[in-house]
Asker: 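My structure is below; once you've seen it, I'll send some questions.
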Amino acid sequence: MPHSDTSRELTVRGLVLGALITVVFTASNTYLGLKIGLTFASSIPAAVISMAVLRLLGGGSILENNMVQSQASAAGTISTVFAVFPALILIGHWNHFPFLETAGLTAVGGMAGVLFTIPLRRALVNDSPLPYPEGVAAAEILRAGHESASGETSHRGLTALISGAAVSGAVSFASGGLRLLADSATTTFALGSGVFRLSTGFSLALLGAGYLVGAAGGLAMLFGYVLSWIVAVPWLTSITPNTDHLDAASFATSVWVHKVRFIGAGAIATASLWTLGELALPVFRGITGALGNAAISEDGGKDLSPRTIMVTGTLLSVALFLLLSLFLYPFTSHFVVPALFGTAFLGVFGFLTAATCGYMAGLVGSSSSPISGIVLLATVLVCSLLMLMEHLALLPSVFAADNHHLAIAFAMVILSAIVAAASISNDNLQDLKTGQLVGASPWRQEGVLLLGCAVGALVVPPVLNLLYQAYGFTGAMPRAEMDPTHVLAAPQPAIVTMIASGIFRQNLDWSMLSIGAAIGMALVALDRILRFRRLALPPLAVGIGIYLPPSVSTTLAVGACLGWVVKKAASRRTEQSDEGTMIASGLIVGESLTGVALAAVSGLSGNDGVLAIGGGLSAPWNGIAGLLVFSVVCLWFARRILKSATL
């Protein structure tokens with residue numbers, strides 16, 4: 001039921017606060033995404049921060065708080081472009097992230113995503129049974145904070161967020177800065193001719209992410225780790241000749257990188273295709289139903305006017321055309337047709353992708369929506385289309401047979417805009433659902449979402465440059481003397497690079513991809529069977545577990561299992577508390593911001609170990625210390641949630 005307090009909705013202080021929160025969540029999600037390939041939904045933390053700060057500033061209506069969280073969550077979500085841009089570094093096309101191209105493509109793609117979902121609001125939000133878990137949760141928090149005269153709800157939530165961030169930041173500083181704690185523990189051993197690896201991480205950001213992912217997703221990733229390092233790697237190391245005479249650990253890593261990750265890619269692709277197939281009919285009905293209705297829905301809420309949408313869309317198309325032309329101009333004078341193709345491709349395929357991702361976000365939540373898989377499919381489709389056009393002689397002078405490098409790079413640039421559009425469609429529909437529940441004005445909310453995309457895009461290039469120069473990416477180190485143990489895995493850019501390069505150069509390992517596709521089909525069938533027993537094994541999460549580094553999957557599983565146990569124990573005591581979500585978000589934010597800060601120190605000093613005390617603790621003492629600290633934090637996390645459930 002809409003709230004009657006409409007005196008303050010879109011305010012200058014709200015826009016400023018939203019912009020400040022934007023910087024925090026964009027930096028945090030970019031770091032987390034490059035580290036583990038996942039991000040966290042920022043709507044709920046943004047809502048809590050907004051309520052607490054605006055109350056301190058004097059008042060703040062539920063609608064003003066909703067606008068702040070809409071702007072901040074959109075900007076935090078747009079950081080998903082981390083899945084593509086680093087691929088241009090990995091292929092050697094860029095040696096840094098140029099501000100204009102990176103920010104421009106991010107902003108254009110994100111704002112296009114907002115426009116794509118506006119005509120879907122009635123069908124997919126107002127007149128839809130989709131649950132929108134994050135959107136409903138954010139609305140409940142806004143209501144609870146507004147109805148609490150003392151501000152107890154927002155105060156407790158903000159305290160929990162800050163506590164988690166402080167603990168995580170301190171541990172991350174001790175690990176990445178002082179080098180007193182190891183961030184993972186790994187042992188590799190051989191049984192017969194097969195090589196096995198047992199690994200776990202001590203990252204508190206992963207612990208919090210696992211809590212938010214939930215038991216089903218966390219255990220699915222753990223199952224992916226088992227398939228990868230307990231089944232596939234031992235099997236392949238036993239049948240693959242070690243021609244380079246590597247030690248067991250290096251040989252196992254080489255097999256995983258060059259073979260097993262392709263199995264994970266095949267499983268991800270199959271799971272994504274299945275998901276798209278399942279949702280094709282309802283999404284088509286939703287789109288046709290939405291486009292057949294006027295912009296005024298049953299609740300009387302107005303969207304941005306058709307004229308505003310048309311003008312904004314035209315300006316975005318022109319901007320995208322200019323950005324694509326700017327990207328191609330140094331390499332060829334025949335850039336007009338390819339730039340037009342890229343612009344049209346975003347308009348058509350970007351809309352379909354945005355609609356699909358938005359529907360899936362409403363169904364399973366933004367955090368669980370498989371954007372990574374859709375990016376992979378988009379990569380394959382973009383590359384195939386470009387190759388087809390080459391054979392039709394439409395782009396012969398640009399993407400000639402001997403110029404695959406430029407074709408691969410151009411495909412990635414188009415993908416960056418599509419990823420931004422898809423991720424924002426996830427967030428936009430969640431925020432519009434929140435707005436519907438609290439009685440917000442849709443057109444104001446849509447305008448703020450556009451602003452959030454623009455502000456967030458300004459943060460992305462400097463953060464990407466900072467992280468690359470400080471840590472480097474797996475397969476791309478800016479300096480030879482950098483510490484390889486702290487390199488960022490950048491899993492999505494790596495898989496985008498493998499698939500795109502493999503298609504253009506016709507050297508994809510189709511045998512491993514086929515095995516992965518078969519495993520993906522088996523996982524889909526297994527998931528269907530388990531659902532009859534009210535269980536689940538998300539096939540996409542299993543594929544991601546195969547693809548991610550082993551310490552990531554296992555730590556996420558620890559967080560997921562800890563969350564399941566604690567929530568079950570807390571549910572027996574009293575009403576369910578949301579404090580766990582806030583602490584988990586704080587754990588992510590604290591480690592991520594500390595990682596960005598340490599990156600700044602490293603960049604300024606030119607030494608990534610400048611803060612290390614005496615060079616840091618040596619093994620195995622740093623591993624023992626890391627395990628002890630991680631265990632203590634897990635106990636503190638559990639006790640804090642259980643204590644809040646008794647209040």
Side-chain angles (χ1 to χ4, degrees), residues 28 31-32 35-36 162-189 196-211 218 222 225 229 249 253 467 470-472 482-489 548-563 565-566 583-584 586-602 605 607-641:
S28 298
Y31 175 83
L32 188 69
K35 184 179 179 69
I36 66 171
I162 293 175
S163 298
V167 170
S168 180
V171 173
S172 180
F173 181 72
S175 172
L178 304 180
R179 305 289 173 88
L180 298 177
L181 309 174
D183 56 9
S184 64
T186 300
T187 179
T188 304
F189 58 93
F196 297 76
R197 176 168 294 170
L198 300 179
S199 179
T200 188
F202 306 136
S203 166
L204 298 184
L206 292 180
L207 181 71
Y211 180 94
L222 181 62
Y225 158 76
W229 285 96
T253 300
L467 294 175
Y471 302 112
M482 297 181 69
D483 185 356
T485 63
H486 289 82
V487 69
L488 297 174
L548 286 176
S551 60
V552 172
S553 300
T554 52
T555 313
L556 284 167
V558 170
C561 292
L562 178 66
V565 172
V566 172
I583 296 174
L587 293 176
I588 295 172
V589 170
E591 180 174 320
S592 300
L593 292 184
T594 302
V596 174
L598 290 175
V601 172
S602 173
S605 66
N607 179 6
D608 58 355
V610 67
L611 299 177
I613 297 178
L617 282 181
S618 58
W621 301 110
N622 59 349
I624 295 173
L627 176 61
L628 288 175
V629 171
F630 183 76
S631 302
V632 169
V633 174
C634 287
L635 291 174
W636 169 80
F637 189 10
R639 290 189 63 184
R640 181 71 182 265
I641 298 174

Asker: So does Leu181 get a backbone contact from the side chain of Ser175, meaning a donor-acceptor N/O pair under 3.5 Å?
Answerer: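 Answer holds: yes.
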
Asker: Does the side chain of Leu198 reach to within under 4.5 Å of the side chain of Tyr225, using non-hydrogen atoms?
Answerer: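 The answer is yes; the side chains approach within 4.5 Å.
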
Asker: Nearest 0.5 Å please: distance from the CG atom of Leu204 over to the OH atom of Tyr211.
Answerer: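 Those atoms lie 15.0 Å apart.
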
Asker: Looking at every heavy atom in both Leu562 and Ala638, which two are closest together, and how far apart are they?
Answerer: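 Where Leu562 meets Ala638 most closely, the heavy atoms are CD1-CB, 4.2 Å.
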
Asker: Indicate yes or no: at least one non-hydrogen side-chain atom of Thr186 is less than 4.5 angstrom from one of Arg197.
Answerer: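 Side-chain contact under 4.5 Å: yes.
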
Asker: Which atom pair, heavy atoms only, marks the closest approach of Phe637 to Leu207?
Answerer: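 Shortest heavy-atom contact: CD2-CD2, 4.1 Å.
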
Asker: Quick one: are Ile583 and Trp636 in side-chain contact, heavy atoms under 4.5 Å?
Answerer: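 They are in contact (side-chain heavy atoms under 4.5 Å apart), so the answer is yes.
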
Asker: With Ser184, which residues qualify under side chain to side chain donor-acceptor pair (under 3.5 Å), at least two apart?
Answerer: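 Once residues adjacent in sequence are excluded, Ser184 has no partner under the side chain to side chain donor-acceptor pair (under 3.5 Å) criterion.
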
Asker: Keeping Glu591 on the side-chain end and Ser172 on the backbone end, is there a donor-acceptor pair under 3.5 Å?
Answerer: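 Pair absent, no side-chain N/O of Glu591 close to backbone of Ser172.
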
Asker: Report the relative orientation of the aromatic rings in Phe630 and Phe202; use parallel for angles under 30°, tilted for 30 to 60°, perpendicular for over 60°.
Answerer: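 Ring orientation, 0 to 90° scale: tilted.
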
Asker: For the residue pair Thr594 and Phe173, what are the closest heavy atoms and their distance?
Answerer: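 Reported closest heavy-atom pair: CG2-N, 3.8 Å.
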
Asker: Pairs under 3.5 angstrom only: tabulate donor-acceptor contacts from the side chains of residues 550-561 to other protein residues two or more places apart or in another chain.
Answerer:
unit_1, atom_1, unit_2, atom_2, d
Ser553, OG, Gly545, O, 3.3
Thr554, OG1, Ser199, O, 2.9
Thr554, OG1, Pro550, O, 3.1
Thr554, OG1, Ser551, O, 3.2
Thr555, OG1, Gly201, N, 2.8
Thr555, OG1, Gly201, O, 3.2
Thr555, OG1, Ser551, O, 2.6

